[in-house]
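The chain is numbered in sequence order, starting from 1. Side chains are part of it too, since the values below use all heavy atoms of this structure and drop only hydrogens, waters and symmetry mates.
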Amino acid sequence: MFFFNKIRKNATKSEFHAKTSDKGGSDEEEETDFESWTWEAKDVTGVSADKASADGATLVADCLSITGSGNIYRTSSDGSVASVEIAKDKAGAAKIVIGGNADLVLTIGSTSSSNESASNGLYSDSTYSTLVPHSATTGTAETAGTVSVTGGTGAATITYSNIAAGTYYFVTGNTARAVRLSKVEVTKK
């Protein structure tokens, strides 16, 4: 079983870690007191050019990691990280651990100015079979539960309101291209 203590309030600075330790056990959490936190891609350090993300790379300790294969840190022209590209066809995921009831807002973007990228959404299990319904989106199009964003529209957001404590997986089900994740906000309810 995976346990954690009080999470840092507003954990906006994240460090690049090539690999996180395997804590073992299941995806179950013990609900404890936790704080709201925010991760932004621009705060990742140690990456100055597009680079593959290691499976299990930690972005926020005990809260956010990248799993699977084919995920890529994408950098901007100034060398800072602009996003983490979540691999297409559910090959990779952003693993998000929430310590209690919270609102979750994900900021996503397309892989280029003319491409359409799509997400199948947020799942509450590591086999991606239990989809968590979102409550709102901005800057996106939606068809049959798949949220898509076109590069020309800029960043888009997907909001999940008052979700329970647990481990969640944000994936791209699109078989043609990935989706870029630039910000994760967890606000305690």
Notebook entry, point to check: Okay, side chain of Asp89, backbone of Ala91: is any donor-acceptor separation there less than 3.5 Å?
Noted result: no

Next item on the list: Could you grab the distance from atom OG1 of Thr111 to atom NZ of Lys88, nearest 0.5 Å is fine?
Entry: 10.0 Å

Margin query: Please find the pair of heavy atoms, one from Ser69 and one from Ala87, that lie closest to each other, and give the distance.
Written below: O-CB, 3.2 Å

Next item on the list: Would you list the pairs meeting ring-ring contact (aromatic ring centres under 6.0 Å, His included) in which at least one residue belongs to residues 83-124, sequence neighbours left out?
Entry: Tyr123-Tyr128

Check: Is there a donor-acceptor pair closer than 3.5 Å between any side-chain N or O of Asn101 and the backbone N or O of Asn162?
Finding: no

Margin query: For a quick check under 3.5 Å, do Asp50 and Thr75 share a side-chain donor-acceptor pair by atom type?
Written below: yes

Checklist line | Straight-line distance of Leu106 CG to Tyr168 OH, nearest 0.5 Å | finding: 12.0 Å

Note to self: Please find the pair of heavy atoms, one from Thr172 and one from Arg177, that lie closest to each other, and give the distance.
What the structure shows: CG2-O, 3.4 Å

Margin query: I need the minimum non-hydrogen distance between Ala82 and Ser182, along with the two atoms involved.
Written below: O-CB, 3.5 Å

Next item on the list: Would you check if the side chain of Asn71 reaches a backbone N or O of Thr67 as a donor-acceptor pair within less than 3.5 Å?
Entry: yes

Notebook entry, point to check: Between Tyr160 and Val132, which heavy-atom pair has the shortest distance, and what is it?
Noted result: CE2-O, 3.4 Å

Check: Looking at Phe170 and Ile86, what are the two nearest heavy atoms and their distance?
Finding: O-CG2, 3.9 Å

Check: Yes or no on side chain to side chain contact (heavy atoms under 4.5 Å, CB included) for Trp37 and Thr187, after CA distance, side-chain angles and deciding distance?
Finding: CA-CA 7 Å; Trp37 58 271; Thr187 306; over 6 Å; no

Checklist line | Backbone of Gly121 reached by a side-chain donor or acceptor of Ser119 within 3.5 Å | finding: yes

Check: Under a single-linkage definition using a 4.5 Å side-chain heavy-atom cutoff for Ile, Leu, Val, Met, Phe, Trp and Tyr, are Ile72 and Val81 assigned to the same hydrophobic cluster?
Finding: no

Check: Going only through I, L, V, M, F, W and Y residues with side-chain contacts under 4.5 Å, is there a path from Trp39 to Ile163?
Finding: yes

Check: Does Ser80 reach the main-chain N or O of Lys42 with its side chain, forming a donor-acceptor pair under 3.5 Å?
Finding: no

Next item on the list: Just jot down the side-chain contact (heavy atoms from CB on, under 4.5 Å) partners of Thr130, sequence neighbours excluded, or say none.
Entry: Ser124, Asp125

Next item on the list: Taking all non-hydrogen atoms of both residues into account, name the closest pair between Ser135 and Ser161 and its distance.
Entry: OG-OG, 2.7 Å

Check: Can a cation-pi geometry be assigned to Lys188 and Phe34, taking NZ or CZ under 6.0 Å from the six-membered ring centre and within 45° of the ring axis?
Finding: yes

Note to self: Please check this pair: side chain of Ser117 against backbone of Val149, looking for a donor-acceptor N/O pair closer than 3.5 Å.
What the structure shows: no

Item checked: For Thr157, all residues meeting side-chain hydrogen bond (donor to acceptor under 3.5 Å, both in side chains), sequence neighbours excluded -> Thr138

